[in-house]
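Okay, structure first, notes after.
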Amino acid sequence: MSESRDDAQTKTRGTLLVVDGHSLAFRAFFALPAENFSTQAGQATNAVWGFATMLSQVLDSEKPDHLAVAFDMKGGTFRNEMLPQYKGTREAAPEDLLTQLPLIQKMLTALGVTYVEKQGYEGDDIIATLAAMGERSGYDTLVLSGDRDAFQLIDERVTVLYPGHHFKDLKHMTPQAVEDKYHVGPAQYPDLAALRGETADNIPGVPGVGDGFAAKWINQYGGLEGIIEHADEIGGKKGESLRENIEQVKLNRKVNALRRDVDLGIGIEDLTFGEVDADALSELFTSLEFGPRTRSKVLKSFNAGKQASDAADKHADDEDTSDDLRIPEAVTIADEAALAAWIDSARDGLGSPADNSDDEPRNRAHCADVMASTCALYAEGSSKPGNPGCSVLMLEVGGKAAVLEAGVIAGVRPALQRFLDGHADRIVVHGYKEQSHILASLGLDLAEPWFDTKLAGYLVQPDYHADSLEQAASHFLQLQLDNADDVAQGQLDLSGDVDPADQRKDLLHMAMVRALADMLAAKIDEREQFRLLQSIELPVSHVLFGMEQVGASVDFMRLTEMRDRFAVDARDAQETAWQFAGSRVNLQSPKQLQAVLFDDMGLKPTKKTKSGSYTTNASALQDLAVRSVGNERANGFLTALLRHRETNKLKQIVQSLIDAVNPDDGRIHTTFEQTVAATGRLSSVDPNLQNIPNRNAEGREIRSAFVPGEGYESLLSSDYSQVELRIMADLSGDDALIEAFRSGADFHKYVASLVYGIPVDDITPDQRTHVKAMSYGLAYGLSTYGLAQQLKISPGEADRLKSQYFATFGKVHEYLESLVAGAREKGYTETMFGRCRYFPGLQSPNRNIRDAAERGALNAPIQGSAADIMKIAMIHASDALAKAKVRSRIILQIHDELVVEIAPGEAEQVTGLVRDAMEHAGDLAVPLDVSTGIGSDWQLAAH
DNA sequence: GAAGAGCCGTT
DNA sequence: GACGTACGGCTCTTCT
């Protein structure tokens with residue numbers, strides 16, 4: 001990566017690094033969770049911290065001897081005068097970021113780094129000017145920027161460092177790299193950008209023209225000027241599009257040209273760095289509550305500037321840049337004696353708390369004692385519920401890891417199991433449920449561990465989802481994995497015939513679990529979420545593990561029979577649609593449908609999609625069908641199309657179930673994702689068993705394919721009635737609503753009678769439906785417009801319904817308002833059991849983002865509390881079934897419903913146990929109402 | 001082959 | 001001018 005500096009170019013005087021300050025600050029701000037980086041007083045510090053560490057990284061790897069940081073200044077630039085909408089959609093920087101910019105500049109000053117800003121110019125122009133200056137003076141120049149406009153600066157002496165998805169994989173954009181990626185040279189890049197446009201900056205390009213076509217034209221006509229000259233010769237839609245937008249393109253080109261002649265009043269000699277004002281820096285970092293590690297790392301990188309400018313390359317680095325990740329010492333276990341020896345040596349580490357004095361001191365929590373004496377466990381392999389597998393298992397205590405290849409496990413299984421049983425409450429894992437599947441494939445069983453880094457990460461940041469351990473580690477620890485790899489090399493036990501690279505990787509993973517645990521345990525403790533983790537998430541993981549392992553039995557014949565039937569229906573509908581259309585349009589292609597409906601048949605489109613084309617979704621099609629009643633062709637086509645959509649979807653769902661059946665046991669083993677839904681709900685994948693049709697009879701029939709397996713006699717379906725509304729009643733303390741639930745009457749009818757002020761018996765079905773929709777809409781932040789749409793009533797009517805509703809249930813209104821207000825103030829919402837969710841969007845200047853965040857803030861605590869309650873119910877139900885020593889078992893959860901496979905003779909008892917667990921999962925001011933049903937398949941179990 | 005758009009199933 | 005939460009997943013289209 002860094003060879004560019006070493007070869008050739010011996011005549012350069014040195015390297016100048018020019019940094020786009022805003023770009024880097026933005027990136028740092030959005031890459032790091034603000035909630036994890038703020039001072040006691042509430043000042044966000046994520047951008048400052050990120051800026052410092054990211055810049056340190058670049059200094060370490062590029063070793064420049066001159067450095068300058070450019071910033072934009074407030075107020076417009078000459079560009080706004082040319083193009084008023086310039087950067088119009090780009091959201092104004094969040095308040096939390098703006099307050100950090102002065103801190104960043106203060107930090108740069110303390111670090112002895114020059115920063116430059118100038119009224120009326122963008123950072124980009126300053127960068128261009130600085131780069132030109134560096135080049136003139138004979139320096140190699142690096143430009144660190146996430147803005148592609150900087151590509152025009154690239155030449156033999158100027159390289160742009162452009163961040164990829166992860167900041168650490170900076171791309172060195174050289175002339176060749178630009179050529180490879182865009183097929184034009186750097187000098188022509190602005191031409192290409194002008195044609196393509198820049199969505200991020202609200203600069204429209206030529207619709208339909210992307211990088212590819214722009215490059216083709218540029219190469220054909222020599223550049224934008226040539227293209228404009230020959231615009232008439234370019235054929236096709238794209239040519240037409242170009243001609244229509246030519247003025248815009250010319251303007252774009254004017255605007256994206258960077259000025260390289262801004263008068264900055266400084267020279268290259270002013271851009272040395274490394275004269276760190278240690279006192280000022282120390283004071284600043286202390287006030288920002290940065291730890292000593294950050295301090296020393298930053299200090300070292302920036303001090304290097306001084307050394308670099310007088311002394312040449314010294315190889316005194318890279319050693320401790322990865323001190324977050326200590327690769328354990330590996331002991332390969334081949335037999336029981338070796339295992340016993342390791343366990344013996346581990347005893348000290350597990351017994352007495354070790355000294356962890358090099359940790360960041362700021363979160364010295366009580367859990368530190370326990371943390372210091374835990375055993376990390378990591379099993380590598382497949383955790384797929386149907387067929388898990390394992391290649392290697394590792395245990396680590398106090399930096400010493402026992403490595404057990406899968407082949408040796410059978411020989412030491414009893415001793416290993418004894419160890420696991422004896423120390424489960426000290427074990428730390430990443431993904432208890434997944435690890436349990438892998439262990440199960442070895443015949444091992446892991447009782448609830450003390451800590452799970454995957455679950456902990458989820459509680460700390462429910463919006464973030466890492467899909468691998470590596471990703472979680474790099475996200476939460478900002479690791480430099482490459483360095484960690486280097487460190488790993490020297491320290492391994494290379495005995496045995498295992499590929500050392502593989503083992504190194506496993507040890508690295510082991511180290512990640514350990515490092516994540518250290519970091520996240522402190523967070524969880526600080527946020528007082530240990531209870532949530534240990535008495536809800538971890539136990540429910542265990543229940544889910546069992547559910548996934550058992551799977552759901554299906555009637556395979558029934559499924560294939562249904563699939564065939566839906567396939568015939570879909571085919572028939574397609575045939576009919578084709579006849580009306582007069583052509584064989586692909587009914588699954590929205591694009592082709594648009595052509596038929598709106599061009600060919602000339603129907604008047606209703607709504608647009610977000611990308612601007614006309615929607616062909618079901619509700620629009622229904623609208624069109626109603627409006628085209630006299631038009632037999634259109635109406636016939638629409639009806640057949642809707643029918644096709646419906647049946648084809650059902651066919652698809654059934655087929656996906658068929659594909660998911662495990663041939664070994666004829667059952668479907670879904671995976672319940674416990675760390676995906678930001679509200680705290682579970683989700684189900686591979687296949688998704690939480691979206692099996694239920695709304696109409698035809699789809700619901702699919703549920704009849706879910707049956708009790710061999711040795712079982714029926715299925716129990718048990719679900720909560722109106723949990724979310726009950727939670728609202730409880731949390732709001734609204735007496736009228738509470739009474740509505742306590743009365744035990746038909747809830748929606750009862751509420752309707754209160755809202756409309758008429759006796760329960762006089763409530764019409766319509767009134768009940770309207771009130772019911774209103775009730776459910778509340779928790780979703782439903783607008784009156786949306787309510788009107790759903791109920792097909794006028795907005796005025798919906799408005800009246802809403803005000804009457806709130807007049808009746810005043811405290812509900814107050815409560816919902818308070819949720820949003822609280823979230824705005826604290827930055828997050830909280831469920832009944834302390835599950836948090838953050839809403840940075842509440843501060844957004846963008847209305848849509850803010851509105852969405854408000855709806856989220858309204859919904860999250862309610863949906864989340866319901867999820868908490870269901871999880872508790874599952875834990876209790878599962879315990880109760882185990883304690884009663886029955887064979888019946890929970891097999892599915894669909895948010896507010898549990899499906900239980902019932903063993904012969906257990907129906908009555910198990911129904912009682914499950915019902916009881918669900919009814920008593922939470923202590924609310926209203927009863928938790930549960931309804932149950934039993935049947936010989938899932939459909940029949942409905943009630 | 002990946003990425004994005006569009007659509008649609010559940011609660 | 002848009003306009004209900006939370007998800008997973010299929011198909012088509014476009015670009016690499």
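Reminder, nothing fancy here: chain letters follow the sequence lines and each chain counts from 1.
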Below the 4.0 Å mark, does [N] have OP1 or OP2 next to a side-chain nitrogen or oxygen of [X]?
X        : N     : answer
A/Arg645 : B/dC8 : yes
A/Thr616 : B/dC7 : yes
A/Ser613 : B/dG6 : yes

Name each donor-acceptor pair under 3.5 Å that joins a side chain in residues 615-625 of chain A to protein atoms two or more places apart or in another chain, with its distance.
unit_1, atom_1, unit_2, atom_2, d
A/Thr615, OG1, A/Asn617, N, 3.1
A/Thr615, OG1, A/Asn617, ND2, 3.2
A/Thr616, OG1, A/Arg645, NH2, 3.3
A/Asn617, OD1, A/Ser619, N, 3.4
A/Asn617, OD1, A/Ala620, N, 3.0

Atom [atom1] of [X] to atom [atom2] of [N]: distance rounded to whole Å?
X        : N      : atom1 : atom2 : value
A/Asp851 : C/dG1  : CG    : P     : 16 Å
A/Ile702 : B/dC8  : CD1   : P     : 16 Å
A/Ile692 : B/dC8  : CD1   : P     : 18 Å
A/Leu892 : B/dT10 : CG    : C1'   : 13 Å
A/Asn696 : B/dC8  : CG    : C1'   : 13 Å
A/Leu725 : C/dG4  : CG    : C1'   : 14 Å
A/Gln690 : B/dG9  : CD    : C1'   : 12 Å
A/Leu682 : B/dT10 : CG    : P     : 19 Å

With respect to the side chain of A/Gln790, which nucleotide from C/dG4, B/dC7, B/dG9 is positioned closest?
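Given the options C/dG4, B/dC7, B/dG9, the side chain of A/Gln790 is closest to C/dG4.
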Nearest to side-chain heavy atoms of A/Arg703, which nucleotide of B/dT10, B/dC7, B/dG9
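Between B/dT10, B/dC7, B/dG9, the one nearest the side chain of A/Arg703 would be B/dT10.
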What is the per-nucleotide protein-contact pattern of nucleotides 6-12 of chain C, from the 5' end, where B denotes a base atom under 4.0 Å from a protein heavy atom, S denotes such proximity for sugar-phosphate atoms only, and - denotes neither?
BSSBSSS
With rounding to the closest Å, how many angstrom separate the [atom1] atoms on [N] and [M]?
N     : M     : atom1 : answer
C/dA2 : B/dG6 : P     : 15 Å
C/dT5 : B/dA3 : P     : 26 Å
B/dC8 : C/dG1 : P     : 26 Å

With sequence neighbours excluded, tell me which residues meet side chain to side chain contact (heavy atoms under 4.5 Å, CB included) with A/Glu897.
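A/Glu897 satisfies side chain to side chain contact (heavy atoms under 4.5 Å, CB included) with A/Arg703, A/Ser717, A/Asp719, A/Ile894, A/Val899, A/Trp938 only.
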Under the side chain to side chain contact (heavy atoms under 4.5 Å, CB included) test, residues paired with A/Asp463 that sit two or more places apart:
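A/Asp463 satisfies side chain to side chain contact (heavy atoms under 4.5 Å, CB included) with A/Ala678, A/Arg837 once adjacent residues are dropped.
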Side-chain donor-acceptor pairs under 3.5 Å in residues 854-865 of chain A, sequence neighbours left out?
unit_1, atom_1, unit_2, atom_2, d
A/Glu854, OE2, A/Arg824, NH2, 2.9
A/Asn859, OD1, A/Gln863, NE2, 3.4
A/Asn859, ND2, A/Ala779, O, 3.2
A/Gln863, OE1, A/Thr679, OG1, 2.8
A/Ser865, OG, A/Met832, N, 3.0
A/Ser865, OG, A/Pro861, O, 2.6

Mark yes or no for whether A/Arg915, through its side chain, and A/Val930, through its backbone, hold a donor-acceptor pair below 3.5 Å.
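Here the side-chain-to-backbone pair exists.
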Would you mind checking if A/Glu646 and A/Lys651 are paired as a salt bridge, meaning a charged N to carboxylate O distance below 4.0 Å?
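Answer for the salt bridge query: no.
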Residues that A/His465 engages under side-chain hydrogen bond (donor to acceptor under 3.5 Å, both in side chains), provided they are two or more places apart:
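With neighbours one apart ignored, the set is empty.
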Tell me what A/Ala618 touches on the nucleic acid: a base, only sugar-phosphate, or nothing, going by heavy atoms under 4.0 Å.
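Sugar-phosphate, no base atom in range.
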